[in-house]
Colleague: 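Handing you this structure, nothing more for now.
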Amino acid sequence: MKSPFACEARRGYVRFPPLFSSFLLFDTVMSAGIVQEQVASAITDALLQAQERGFLQSTHFPQPIVDFPKREEWGDLSSSVAMVIAKQEKRPPLEVAQMIADQLRTSCTFLEKISVAPPGFLNFSLQQDCWFPVLEEIERTGDLYGHSKIGQGQRVLLEFVSANPTGPLHMGHGRGAALGEALARLLRSAGYEVDKEYYINDAGRQMKLLADSVYARYLEMHGREYSFPEDGYHGDYIKALAQAMDRVKGMDLLALNPEDARRECGHWASRELVRAIQEDLAQFGVEFETWYSEASLFASGSIQAALNDLEQRDLVFTQDDATWFRSSRFQDEKDRVVCKQDGDYTYLASDIAYHFDKLRRGYGWLINIWGADHHGYVPRMQAVIKAFGYGDDCLRVVLVQMVRLLRGGNKVEMSKRAGEFITLQDVVDEVGADAAKFFFLMRRSDTHLEFDLELAKKQSNENPVYYVQYAHARLASLFRTAHERGIRVSPVGEAPLSALVQPEEIRLMKQLSGFPGLLEASAMALEPHRITFYLLELAGLLHVFYYKHRVLPPRVDDVKEEEADGPDHDGDASELVRDVLSRELTMARLVLLQQVQTVIKNGLGLLGVSAPERM
RNA sequence: GCGCCUGUAGCUCAGUGGAUAGAGCACUGGCCUCCGGAGCCAGGUGCCGCAGGUUCAAAUCCUGCCAGGCGCGCCA
């Protein structure tokens, strides 16, 4: 197989000529697949040559952006570079584009057609074999196709879910969990070293309420007088906890004084609930490296230590019998209390100590995933980071909006007060972890999400999860059949790829080539939902291809039947199978589809969704 | 009152400086002798909430307004 840049592809990322690399490397986050990079590199060469010949005045050029054009008839790839540099050249964009096109025509051989379109686009048609290195790249890198090193091994602490251990996880937590898991995988794929952490809010008022609630139920069980706390937790799980406690402790608690008994109940309940949360998350396919206890911050004196640190720099002061953090020095709208008049710390005090600890553990980048109702808290937290001497880009807070649960288009009413709500576990039981995750990741995190249980369960093409998973299973089935018939899938390098000329085949290769760029962009934007959209597109392209073209030759029996039927029976159905299915074509298509399957699998893997061999 | 988020096709949502703004669903009608029909094809919709501004270029950036959601605690 011959290809204009097969050898670069084998080395991995295309290198720029050393001569030019010095100015190409700043302000660039090199993205995109090898084909886009190749074209970008050719444009850069052309710009420099044009400059040498006096056609361009500029001494510095931006990294040319090479994209897929919105319409296929405009070409395979396009660039807006002429419009970008038109200003510094003080010439009309069309003229600059024309000049670059002329230069490229003389210097670049693999661009089949270069055209210029208003207001200044450069459009390129590539020789079909330009896409073949993509297939080699996928085969060579396998599970790692699309991964990059832009993170340069930087350590990231990704904190998410972090629900109070006062009850089971609900849908909102599920969305956060799916997002966090996907982000961790995505950032790892981009070369970051990510740790996932769950911050257990096992201190403070909520825990006290939990303890009181369980204790009240315990007393109730034993027919004692009890007072259920105002704002206490009413769910049935509280009674279940009291009963479980009773099974272990029996009447023991009745002998204790109420204060100790309450404390005992609180410890017991929070431990049990944390364990239940861990189980729910494990079943959902979300695991954490660390479970960090808020209470441990109190026990170790970390809170006082962190506040002392700030106080030494006059960032903490006392007023009206309370202790304050000078967050207004760091663009927060006012100062905030960290220690109340009654001597208790506020939750901000714990968060100060917690985030101080995160930074001291050597993480260069902190990401917190929070419910959107906490957005007012963000400036305060940024102030904390800045107070410890770090830049505000050091902490990124991703806000997750609410989930509206539907069943067949009708809203599912939930009342937390009455203890009637659908938990994450309920949803996972009903629709499965894969569907739940995929649905959570189908929308940008800062928009409301409608989650229809009926749709998520449906085994039809209306259900996006199945649409993508089916594509993978369908290919798996194809390879099984090929194997049964003794048809081997050859390595890419040995396949007759030049047989791939159909538009549906080229489209697949183009889509595959865009995967690395997609991953980098999604990672930098912290937006895994882009991957779901990409996968839906890729699956769609596959299904179209698969409907229109055959891969394996008909069985011998079928051929005989066809011959028996005579040549004139094929009317309109013939266009579906009219390719002359040579041995080469079968081989080439198998190789192509193998890479499609790899990318679907990789993409689903980043979402934490399985890629089934059978469905 | 102040702040943040959202406003794009009937519905749910992509698109966040580039060309004629897209997809799925819903609706209608087609397509299985054949590698998985859990699939495919064909039909048409938009003052991109409104009004200004910046730009060669705005759904995208800035300002103001309107609507919805959420915050604004010595609660978490």
Side-chain angles (χ1 to χ4, degrees), chain A residues 65 67 69-71 74 78 80 83-84 86-87 92-94 117-121 123 164 166 201 203-207 231 294 320-324 333-334 336-348 350-351 371-379 399 401-402 406 409 442-444 446-450 452 455 458-464 466-467 469-471 473-482 484-485 487 525 529-530 532-533 536-537 539-540 542-555 557-558 561-562 565 572-573 576-577 586 589-590 593 614-615:
Chain A
I65 295 169
D67 261 326
K70 221 166 352 181
R71 285 165 195 279
W74 293 336
S78 71
S80 60
M83 291 180 282
V84 177
K87 190 166 197 171
L94 265 178
F121 283 100
N123 289 327
N164 292 338
T166 55
N201 295 105
R205 190 179 119 82
Q206 305 303 321
M207 290 314 299
D231 307 325
E294 180 185 7
D320 304 333
D321 295 329
T323 310
W324 299 69
E333 49 186 35
K334 56 182 176 185
R336 310 287 176 175
V337 170
V338 289
C339 188
K340 297 185 275 184
Q341 282 180 342
D342 64 11
D344 284 350
Y345 291 119
T346 64
Y347 57 92
L348 179 61
S350 321
D351 273 334
D373 53 340
H374 289 69
H375 70 258
Y377 197 59
V378 175
L399 297 173
Q401 271 292 1
M402 285 172 50
L406 305 177
M442 260 190 329
R443 301 285 175 249
R444 245 175 43 212
D446 59 353
T447 62
H448 289 263
L449 169 73
E450 292 209 338
D452 195 315
L455 178 60
K458 242 180 214 169
Q459 309 215 336
S460 77
N461 58 354
E462 292 163 57
N463 185 343
Y466 284 92
Y467 190 78
Q469 287 186 318
Y470 176 61
R474 211 178 186 186
L475 290 177
S477 167
L478 172 72
F479 294 124
R480 278 195 300 271
T481 307
E484 283 162 18
R485 294 212 218 153
I487 300 171
H529 75 275
R530 299 186 192 195
T532 53
F533 281 91
L536 285 163
E537 277 172 28
L542 173 75
H543 289 312
V544 172
F545 164 84
Y546 205 76
Y547 176 76
K548 223 164 165 179
H549 302 291
R550 284 194 62 85
V551 178
L552 302 179
R555 280 196 192 79
D557 299 352
D558 300 336
E561 273 175 42
E562 264 172 40
D565 281 354
D572 22 325
L576 301 180
V577 288
T586 291
R589 285 181 174 168
L590 282 171
L593 295 183
R614 285 193 169 81
M615 293 173 71

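Here is how names work: the chains are called A, B, and so on, in the same order as the sequence lines, proteins then strands, and each is numbered from 1. Quick note: numbers below take in every heavy atom, side chains included, and nothing from hydrogens, waters or symmetry partners.
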Colleague: Looking at the angle O4'-C1'-N9-C4 for a purine or O4'-C1'-N1-C2 for a pyrimidine, is B/rC48 syn or anti, with syn meaning within 90° of 0?
Modeller: anti
Colleague: Would you tell me if any nitrogen or oxygen in the side chain of A/K340 comes within less than 4.0 Å of OP1 or OP2 on B/rC75?
Modeller: yes
Colleague: Output yes when at least one side-chain N/O atom of A/Y467 is less than 4.0 Å from OP1 or OP2 of B/rC40, else no.
Modeller: yes
Colleague: Residues two or more places apart in sequence or in another chain: which of them pass side chain to side chain donor-acceptor pair (under 3.5 Å) with A/R444?
Modeller: A/D446
Colleague: Can you name the side chain to side chain contact (heavy atoms under 4.5 Å, CB included) partners of A/E450, sequence neighbours left out?
Modeller: A/R404, A/L406
Colleague: Both atom distances under 3.5 Å, Watson-Crick or G-U wobble: I'd like the secondary structure of RNA chain B as a dot-bracket string, with | for pairs made across strands.
Modeller: (((((((..((((....[...)))).(((((.......))))).....(((((..]....))))))))))))....
Colleague: One character per nucleotide, please: for nucleotides 4-12 of chain B, 5' to 3', B when the base has a protein heavy atom closer than 4.0 Å, S when only the sugar-phosphate does, - otherwise.
Modeller: BSS-----B
Colleague: Less than 4.0 angstrom between a side-chain N/O of A/R474 and OP1 or OP2 of B/rG37, yes or no?
Modeller: yes
Colleague: Could you label the plane-to-plane angle of the A/Y470 and A/H543 rings as parallel, tilted or perpendicular, counting under 30° as parallel and over 60° as perpendicular?
Modeller: parallel
Colleague: Quick one: side chain to side chain donor-acceptor pair (under 3.5 Å) partners of A/R336, sequence neighbours excluded?
Modeller: A/D332
Colleague: On the side chain of A/S78, is there an atom forming a donor-acceptor pair with the base of B/rA19 - under 3.5 Å, no angle test?
Modeller: yes
Colleague: Which residues pass the side chain to side chain donor-acceptor pair (under 3.5 Å) test with A/H529, sequence neighbours left out?
Modeller: none
Colleague: Within a strict 4.5 Å, meaning less than it, do heavy atoms of the A/R480 and A/S477 side chains meet?
Modeller: yes
Colleague: What I'd like to find out is whether the side chain of A/T323 reaches to under 4.5 Å of the side chain of A/Y345, using heavy atoms alone.
Modeller: no
Colleague: Determine whether A/Q401 and A/L449 make a side-chain contact, defined as any pair of heavy atoms from C-beta on separated by less than 4.5 Å.
Modeller: no
Colleague: Under 4.0 Å, counting only non-hydrogen atoms across every strand here, what does A/A473 touch: a base, just sugar-phosphate, or nothing?
Modeller: base
Colleague: Evaluate whether the aromatic ring of A/W74 and the six-membered ring of the B/rA19 base sit under 5.5 Å apart, centre to centre, with an inclination under 30°.
Modeller: yes
Colleague: Heavy-atom count check: over 12 atoms from other residues, nucleotides or ligands less than 6.0 Å from A/I65 CD1?
Modeller: no
Colleague: Answer with base, sugar-phosphate or nothing: what part of the nucleic acid does A/N123 contact at a heavy-atom distance below 4.0 Å?
Modeller: base
Colleague: Please determine, for the side chain of A/K87, which listed nucleotide (B/rC70, B/rA21, B/rC56) has the closest atom?
Modeller: B/rC56
